[in-house]
Undergrad: 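Sharing a structure with you now.
Reminder, nothing fancy here: chain letters follow the sequence lines and each chain counts from 1.
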Amino acid sequence: MLVSMSVDIRKMVKDKLFKDVIRLDNKRKILVVDNDGMRVLSDCFKMSELFEEKIILIEDLFKRREKIKNIDALYLVKPTENVINIMISDFKLIQKSKKKFKEDLMYKSANIYFLSQCSDSCLEQLSANHIVKYIKTLKEMNLSFKPIQSHVFGVDQLETSLGIASFCLNLGIYPFLRFHSDFAQSAEFCYRIEQNLDEFMKTDLSLGIESDSHLLILDRSFDLLTPLLHELTFEAMISENEEELEKLQQNDEDEIWNEVRHLHIAEVIDRIHGKMKNTKKIEVFGTIREFGKTMKNIKNMEKLEKYITLTEKLLESYKTDLIDIITLEQDMSTGFTSENVPIRDGRIVQNLTKILMDKNVSENYRLRLILIYMLCLPEKIEDYYLKMVEVSGFSDDGIDVVRNMLQLYKSSQPCMMPRRKLPSEYQFNTSRWIPHICDIIKSVHDGSLDTERFRCLGKQPSRKTAVSSARFGSLENRANKKIVIFIAGGITYSEIREAYKFSNTLKNTQIFIGSDRILTPNNFIEHYLRNKF
Amino acid sequence: MRDRLIELQTLAGLEENRQVQPLLNQSTSHNDSFEQFLTKIDNFRHILTTLSADRMIIRRMQNDILKSGHDSMKTRELNEHVDRFIQRARFLREKLGSLTNDLNQHYPEGKSGSARARHEQVRVLHLTFETLMTTFNEDQMIFREKSAQKIQDYLKVQNIEVSDSQIEEAIESGNIQQLTLNGHLGIEQRKMLFNDVKNRANDIMILEKQIREISELFEDINMMVNHQSETINRIESSVLSAENFAEKAGQNVKAAIEMRKRNNKMKICCLVISIVAILLALIFLQSIVCLYTPIC
């Protein structure tokens with residue numbers, strides 16, 4: 001029952017597109033997409049699935065396309081001026097002489113699906129041109145977010161509030177809005193989301209205002225530490241290296257990928273070797289040795305081998321170069337050594353200096369260590385850190401980064417959480433740190449979130465029990481609890497992993513996490529600390 | 001989702017539900033051949049759907065047999081079905097092969113428009129076919145494994161313990177007798193048991209023959225699809241690979257302009273000729289009038 005209740009963002013969007021767009025009628029069609037349309041399609045569908053539905057070709061709107069006049073076109077685009085102009089020129093009237101006009105058509109007709117709401121001026125523009133005679137469908141889909149994974153969504157940086165609101169709309173919820181009161185921009189942001197949601201309410205009355213759902217808006221500055229730490233799950237490690245990621249070509253249907261993505265790298269290798277053994281066992285099974293190599297087996301073997309080489313490579317670098325650094329990181333961030341003894345400043349500085357002086361360690365790693373030190377043991381004066389940077393022989397660039405961090409840190413100081421208590425259980429010395437988001441998710445779930453630090457906007461969540469249970473019955477209502485967390489400025493793979501963990505363990509609750517980007521430690525430094533000020 | 005079609009049509013001053021006029025004069029020879037191609041693709045898809053349905057039926061029959069025990073009627077029915085499946089698959093492979101050859105000969109480059117559509121459609125057909133055959137083969141493998149297991153269970157009921165490898169050996173060598181030797185059974189019983197086990201082993205042999213046939217079929221499908229399968233199936237890689245359509249339109253426009261020029265020239269010529277003709281006629285008329293009447 002729990003399974004059937006669970007929502008998969010990708011599947012949700014896929015079903016919607018199937019129902020409303022792809023299966024429009026039973027005629028052949030050409031799909032024309034802009035970049036956003038392509039993204040959404042690519043995240044949800046495979047070519048074969050679309051071809052089975054009589055789509056004969058998928059074209060890029062911005063490229064020069066071949067005229068195929070006897071087939072209907074299906075446009076899946078964002079309604080920008082440029083896009084509108086191109087569509088208009090697909091169905092135009094050419095003046096041949098003073099009185100004679102000739103139609104110059106790209107396709108038989110146009111079925112237009114806008115990903116977001118189309119402005120009135122765009123509509124007017126369409127209506128004033130020849131294309132209007134050939135538009136058979138014109139619909140707004142309200143898909144201003146990207147379905148990144150089953151529980152992760154992304155929004156465009158330029159229209160974040162609209163993106164979040166459209167996500168809620170698609171989920172069918174009108175959530176209780178809460179924001180982190182330490183950040184003024186979060187409040188404003190939250191307000192804009194509410195406006196967008198109210199706008200949607202006007203056209204779509206099905207939005208469940210009664211349902212038990214929460215949206216919490218956070219700013220990346222609420223936890224600057226997590227993005228800096230090494231995350232040792234397979235997915236996180238592989239994402240730091242785009243080249244390797246490309247080679248793997250994983251997708252959500254890849255069983256191996258789904259199994260290992262959130263595992264610690266040391267676990268992954270055992271898991272994959274185990275799989276390999278199983279596959280081989282099938283292969284030598286019985287008399288059909290020579291035919292036993294079914295296609296799937298061959299493919300699986302190839303894939304497993306790919307995984308193994310990759311994992312071994314990652315593991316190798318982890319064991320030789322990283323283990324000392326990561327242990328120190330974990331000691332500093334948790335405040336305890338792996339033997340559960342509280343850390344001592346002197347000891348930490350000693351270890352830190354040793355690594356900082358080691359010129360074989362990449363500058364990036366050393367820089368991250370200093371930044372972590374600043375965040376975890378912040379009692380020193382500024383000059384102390386700058387001195388540290390200087391002694392380590394960083395380039396000017398590195399010094400800038402540390403300066404920027406000092407500034408950022410000062411501006412968000414009140415929200416830094418106190419040092420945490422001893423982590424109760426962990427499997428690996430190298431991943432003892434638990435991201436702050438866990439505490440937040442937990443307290444949102446059991447309703448104990450601090451109302452001062454996380455203010456509510458508009459409707460208070462207090463009435464949830466009385467009203468909704470009367471309408472839905474208590475059981476269904478509990479099953480429908482949805483928590484959406486949005487972190488402006490990026491989420492880390494560790495936070496994604498935690499969101500999945502909660503979704504899997506908390507009964508009747510789904511956690512969705514979204515952001516404008518996914519952060520790796522490097523692009524966190526790049527976006528936040530380099531050339532920022 | 002908001003439907004704004006009516007709003008648009010009102011804005012444009014069109015009546016509601018206006019049907020799009022079918023266009024005339026548009027089926028050029030190029031479109032005809034593309035249309036034919038698409039019809040062909042539809043046919044292939046239809047066969048694939050039939051095959052896929054066949055696969056489900058076969059699987060249901062296999063499960064049935066495993067559940068109910070040996071039944072020569074059912075087994076025969078199953079084998080007929082599988083043979084038909086293989087026949088159809090072989091037919092499809094052949095057709096698909098000739099389609100591919102045809103495509104490569106006549107449309108070697110396919111980076112834009114209908115040419116790209118042709119190549120992608122065919123590639124995806126291959127992929128779908130391959131996936132179907134893979135699952136079918138897997139079904140067969142599982143059925144085979146379970147059938148062997150069934151023999152083992154059967155012998156166990158008669159208090160005869162045999163290992164996996166013993167069973168495999170017996171099936172391979174065809175020496176079923178040694179399997180039934182160990183039990184403490186009467187001659188009649190042993191004979192019955194022997195027959196039973198032999199029947200099942202025979203089924204497995206037939207099954208293996210079928211699996212072998214399928215794996216032959218695989219070879220060239222695999223050649224075609226092989227490693228790129230995941231790239232082929234990604235929408236992103238398809239859209240990004242599209243190239244700007246190299247229009248022959250440039251020439252067409254030139255031709256059109258020339259044609260229009262020629263048209264204009266023709267018109268002027270006609271005009272001049274007709275004026276001259278009228279003039280001549282007038283002069284002729286005048287001279288005739290002059291000749292017969294004493295007016296001028």
Side-chain angles (χ1 to χ4, degrees), chain A residues 16 20 28 30 33 38-39 41-42 45-48 50-52 54 56-60 63-70 103 105 108-109 117-118 123-124 126-128 132-142 203-204 249 251 282 285-288 291-296 298-299 302, chain B residues 1-5 7-9 11-12 14 18 20-21 23 26-27 31 34-35 38 41 45 112-117 120-121 124 127-128 130-131 133-134 137-138 141 144-145 148 164 168 171-172 208 211-212 215 218 222 227 230-236 238-240 242-245 247:
Chain A
K16 180 173 175 165
D20 295 339
R28 290 187 187 122
I30 291 175
V33 292
M38 181 186 77
R39 267 268 84 75
L41 277 184
S42 198
F45 291 99
K46 288 179 177 166
M47 290 288 275
S48 50
L50 293 184
F51 281 3
E52 268 162 31
K54 295 212 158 193
I56 60 156
L57 182 65
I58 307 165
E59 290 268 41
D60 183 344
K63 284 180 186 143
R64 202 159 52 234
R65 284 160 280 136
E66 181 183 335
K67 271 182 200 159
I68 302 181
K69 287 185 192 172
N70 48 352
E103 285 183 318
L105 308 175
K108 193 170 159 194
S109 73
Q117 286 190 0
C118 166
L123 209 62
E124 267 164 38
L126 280 179
S127 71
V132 74
K133 289 188 182 160
Y134 292 92
I135 296 179
K136 281 206 301 193
T137 320
L138 185 79
K139 281 180 180 164
E140 287 167 350
M141 301 293 294
N142 291 322
T203 47
D204 191 340
Q249 286 186 350
N251 57 43
I282 297 169
F285 172 79
T287 42
I288 17 174
F291 329 111
K293 293 184 182 178
T294 62
M295 290 305 303
K296 193 163 181 195
I298 294 174
K299 280 198 172 158
E302 279 170 5
Chain B
M1 194 171 64
R2 188 147 64 123
D3 195 333
R4 300 186 71 176
L5 185 62
E7 196 183 335
L8 178 85
Q9 288 177 337
L11 260 178
L14 293 173
R18 206 190 109 112
V20 172
Q21 298 290 318
L23 287 164
Q26 54 169 259
S27 56
N31 277 343
F34 189 50
E35 194 64 41
L38 291 175
I41 294 285
R45 275 196 195 290
S112 63
S114 56
R116 187 164 71 92
E120 282 180 354
Q121 288 285 352
V124 169
L127 194 68
T128 319
E130 195 231 14
T131 318
M133 293 307 276
T134 309
N137 199 21
E138 229 154 89
M141 296 285 287
R144 189 214 166 273
E145 214 170 306
D164 282 355
E168 295 304 333
I171 296 170
E172 198 167 10
E208 281 179 11
I211 292 176
R212 219 169 301 159
S215 61
F218 266 142
N222 186 29
H227 302 287
E230 265 149 60
T231 323
I232 292 173
N233 222 349
R234 274 168 71 180
I235 290 165
E236 199 181 345
S238 159
V239 175
L240 292 179
E243 280 172 9
N244 280 324
F245 181 59
E247 275 175 296

Undergrad: Rounded at 0.5 Å granularity, tell me how far CD in B:Gln121 sits from CE in A:Met47.
TA: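 Reported to 0.5 Å precision, the distance equals 8.0 Å.
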Undergrad: Report the C-alpha separation of A:Leu138 and B:Gln9 in whole Å, then their side-chain angles, then the decisive distance to 0.1 Å, and conclude whether the side-chain contact (heavy atoms from CB on, under 4.5 Å) test is met.
TA: CA-CA 10 Å; A:Leu138 185 79; B:Gln9 288 177 337; over 6 Å; no
Undergrad: Between A:Glu59 and B:Arg116, is there a side-chain N and carboxylate O pair less than 4.0 Å apart?
TA: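 Counted as a salt bridge, because a side-chain N and a carboxylate O are separated by less than 4.0 Å.
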Undergrad: Side chains of B:Val124 and A:Lys46, heavy atoms from C-beta outward: is any pair under 4.5 Å?
TA: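 Side-chain contact under 4.5 Å: no.
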Undergrad: Are A:Ile56 and B:Phe34 packed together at the side-chain level, in the sense that at least one heavy-atom pair is separated by less than 4.5 angstrom?
TA: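 SC-SC contact between A:Ile56 and B:Phe34 confirmed.
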Undergrad: Contact part of A:Ile30 toward chain B, heavy-atom cut-off under 4.5 Å: side chain, backbone, both or neither?
TA: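 Contact with chain B: none, neither part.
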Undergrad: Hey, which of A:Met141, A:Glu52, A:Gln117 has the most heavy atom pairs under 4.5 Å with chain B?
TA: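 The residue among A:Met141, A:Glu52, A:Gln117 with the greatest pair count is A:Glu52.
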Undergrad: Would you mind telling me which of A:Leu123, A:Leu126, A:Asn142 has the largest number of heavy-atom pairs within less than 4.5 Å of chain B?
TA: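 Maximum pair count with chain B is reached by A:Leu123.
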Undergrad: B:Glu120, B:Glu243, B:Glu236: which one forms the most heavy-atom pairs within less than 4.5 Å of chain A?
TA: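 Max contact count across the listed options: B:Glu236.
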Undergrad: Where is the tightest heavy-atom contact between A:Ser127 and B:Ala12, given as atom of each residue plus distance?
TA: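 Shortest heavy-atom separation between A:Ser127 and B:Ala12 comes out as O-CB, 3.4 Å.
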Undergrad: Quick one: closest heavy-atom pair of B:Phe245 and A:Arg65, and the distance?
TA: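 For B:Phe245 and A:Arg65, the tightest heavy-atom pair comes out as CB-C, 3.7 Å.
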Undergrad: Let me confirm one number: the CE-CD1 distance from A:Met38 to B:Ile235, rounded to the nearest 0.5 Å.
TA: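 Between atom CE of A:Met38 and atom CD1 of B:Ile235 there are 9.5 Å.
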Undergrad: Below 4.5 Å from any heavy atom of chain A, which atoms of B:Arg4 appear? Answer side chain, backbone, both or neither.
TA: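 Answer is both: backbone and side chain atoms of B:Arg4 are under 4.5 Å from chain A.
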Undergrad: If we only count heavy atoms from C-beta on, is the A:Lys54 to B:Arg45 side-chain gap below 4.5 Å?
TA: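 When only atoms from C-beta onward are counted, B:Arg45 and A:Lys54 do not touch, as no gap falls below 4.5 Å.
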Undergrad: So, for B:Asn244 and A:Arg64, which heavy atoms are closest and what is the spacing to 0.1 Å?
TA: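 Minimum heavy-atom separation between B:Asn244 and A:Arg64: OD1-N, 2.6 Å.
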Undergrad: Measure across B:Leu240 and A:Lys63 and return the closest heavy-atom pair with its distance rounded to 0.1 Å.
TA: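 Nearest heavy atoms, B:Leu240 then A:Lys63: O-NZ, 3.4 Å.
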Undergrad: For B:Ile41, is it the side chain, the backbone, both or neither that has a heavy atom under 4.5 Å from a heavy atom of chain A?
TA: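 Contact with chain A is absent: no heavy atom of B:Ile41 under 4.5 Å.
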Undergrad: Which heavy atom of B:Thr128 sits nearest a heavy atom of A:Ser48, and at what distance?
TA: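 Shortest heavy-atom separation between B:Thr128 and A:Ser48 comes out as OG1-CB, 4.3 Å.
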Undergrad: To the nearest 0.5 angstrom, please state how far the CZ atom of A:Phe45 sits from the CG atom of B:Asn233.
TA: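 Taking CZ in A:Phe45 and CG in B:Asn233, the distance rounds to 12.5 Å.
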Undergrad: What part of A:Thr137 gets closer than 4.5 Å to chain B, counting heavy atoms only: side chain, backbone, both or neither?
TA: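 The backbone, not the side chain.
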Undergrad: Nearest 0.5 Å, what's the OG-CG distance between B:Ser114 and A:Leu57?
TA: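 Spacing of OG (B:Ser114) from CG (A:Leu57) equals 8.5 Å.
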